[in-house]
Amino acid sequence: MSSLKGKKILVTVQELENKEHRGIAFYTKSLIKALNKSEAEIWLLVSMDFKKIKFRNYNENFKNSTISTFISDYLTKGVIKNPKLKIKSRRNKLIKIINYLKIIFFGKSYSPSNSLKVIFSNKRENPYLKLERTSYLRYIEGFYLAPNIYENCLFSSLLPFNNQIKIDIENFDSLISSAPLNIFLNKKSKNKILVQTIHDLIPLEYEPKKLMVNSFSRMLKSCTFSNNIYVSGFSRNKFKYNMLPKISSVKNIKNNFLTDTVITQPPTLFFEETENQFIYENILNSINIKNKLSIKPFKYFLFNASIDSRKNVFLLVNAYQNSNLQEEGIALVITGKLKKDEYSLKLKKIINNNPGIILTDYISETLKSTLYLNALYLLSPSIIEGFGIPVLDACCLGLPCVASDCLSHREILELYDFDAYLELYSPESEMEWTNVFLKRGYINILDPEQKRFNRIIRYKGMYSKILETFSNNLSTFYSKL
């Protein structure tokens, strides 16, 4: 029997509140599914301000049902992840300033007096459960509304002195953060379990910004007082090397009573249809391309990640241009949204002048999965990664993949039979990556339908296997706490 059966688990969802679901958002969804598979009772910690929703003189069923609808809508629309978001109303500016001053001088603690528990009871014929973005809500028992908790955690981590956000989880068995937060359990929750998830230490390792380094370091320091889940052994080793030696001897003694584990998360692709192959070609044809090569099945290489210097996209673009594959009708498809920074502006000029390089912008999960399914290869030349979800997705699908030889990708190479699908190359050698295109560009898939069918069947099997392992490892981890 699972050690999580019947346990009330509160899960943070800061990434699921964003407009775009990427990276950690997929981990959070997988975590929710794994907890459900272990028969835990799952509640979500949501930062929506419930004080703006007032229902008086109504029964509890009506309140729970109606407020759940507001929460579902809030999670569906998402908020723009921008700490510099302008506040137009003078009143709201004043409220924000007062709130920050209170945190500075008195700290901040969330308890039943300033938070709200909402049972998610209206699931029957609930339209939000039928949306791709919020389908995970079907596994949820309820919501714990703590207004602006993630923003306050971020603000407190930026202060030059220790001032953690505290939370009362007396009505729950455990709190799991989907990513590091500057958060602690208050005194009433002393017998409860705090678990934090650590994905990487990249803000400390690449293109550092002083405020971000200070903030992220404070969050990681909070993790030295919690039980931790790591997405890779590489991330665990880096965390311990950077953080644990700096703890005083007294705190080190306390740390010996804490537990950690490494858990591989499930892949993120989704396939509804197995037999009707024409659907996947129709979805490819729906991509609007002007003055570019058409995206044909098994006639393109795929890059799927955020577009920034860490992902090493320029190396990929230069290598593709060196190969002259566009003359053979073979494209390079780059998903992701260009930013307004210098890196993206330079990249855009090159892409605009090359008809073989196709930029899709932000895409739906259905389109992402379709692009994977029909690709020749996935390419991931990242300089550094915490784990490497695009590479994991490709290996689970049976899609050949060429990735950088960073340690996290090496870790993926050692999983299951992934060495049969994954090759690693140096992220600094344009010659090696040019050779990747020259060697792989002329692969002829004789039976596209059978190839797609084989990939989908393999993926579904791998997904079930990894989700089962994720769930079992999570249960084993909790049995030791």
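The residues of the chain are indexed from 1 along the displayed sequence.
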With a cut-off of under 6.0 Å to the ring centre and 45° to the axis, is Lys29 in cation-pi contact with Tyr27? no
Does the distance from a Lys or Arg side-chain N to an Asp or Glu carboxylate O, for Lys337 and Asp361, drop under 4.0 Å? yes
Are Arg310 and Glu385 ion-paired here, with the side-chain N under 4.0 Å from a carboxylate O? yes
What is the minimum heavy-atom distance between Asn312 and Pro427, and which atoms define it? ND2-O, 2.7 Å
Kindly confirm or rule out a cation-pi arrangement of Lys19 over Tyr74, judged by NZ or CZ under 6.0 Å from the six-membered ring centre and within 45° of its axis? no
Would you confirm whether the ring centroid of Phe70 sits within less than 6.0 angstrom of the ring centroid of Phe50? no
Among Ser157, Ser156, Ser215, the one residue meeting side chain to side chain donor-acceptor pair (under 3.5 Å) with Asn182: Ser156
Tyr320 ring center within less than 6.0 Å of Phe301 ring center: no
Output yes when Glu342 and Lys346 qualify as a salt bridge under the 4.0 Å nitrogen-oxygen rule, no when they do not. yes
Among Ser111, Ser115, Ser109, which residue meets the side chain to side chain donor-acceptor pair (under 3.5 Å) test with Ser113? Ser111
Are Phe172 and Tyr144 an aromatic pair by the rule of ring centers under 6.0 Å? yes
Sidechain N-carboxylate O distance under 4.0 Å for Asp260, Lys240: yes
Taking all atoms of both residues into account, what is the closest heavy-atom pair of Val213 and Pro208, and its distance? CG2-CB, 3.8 Å
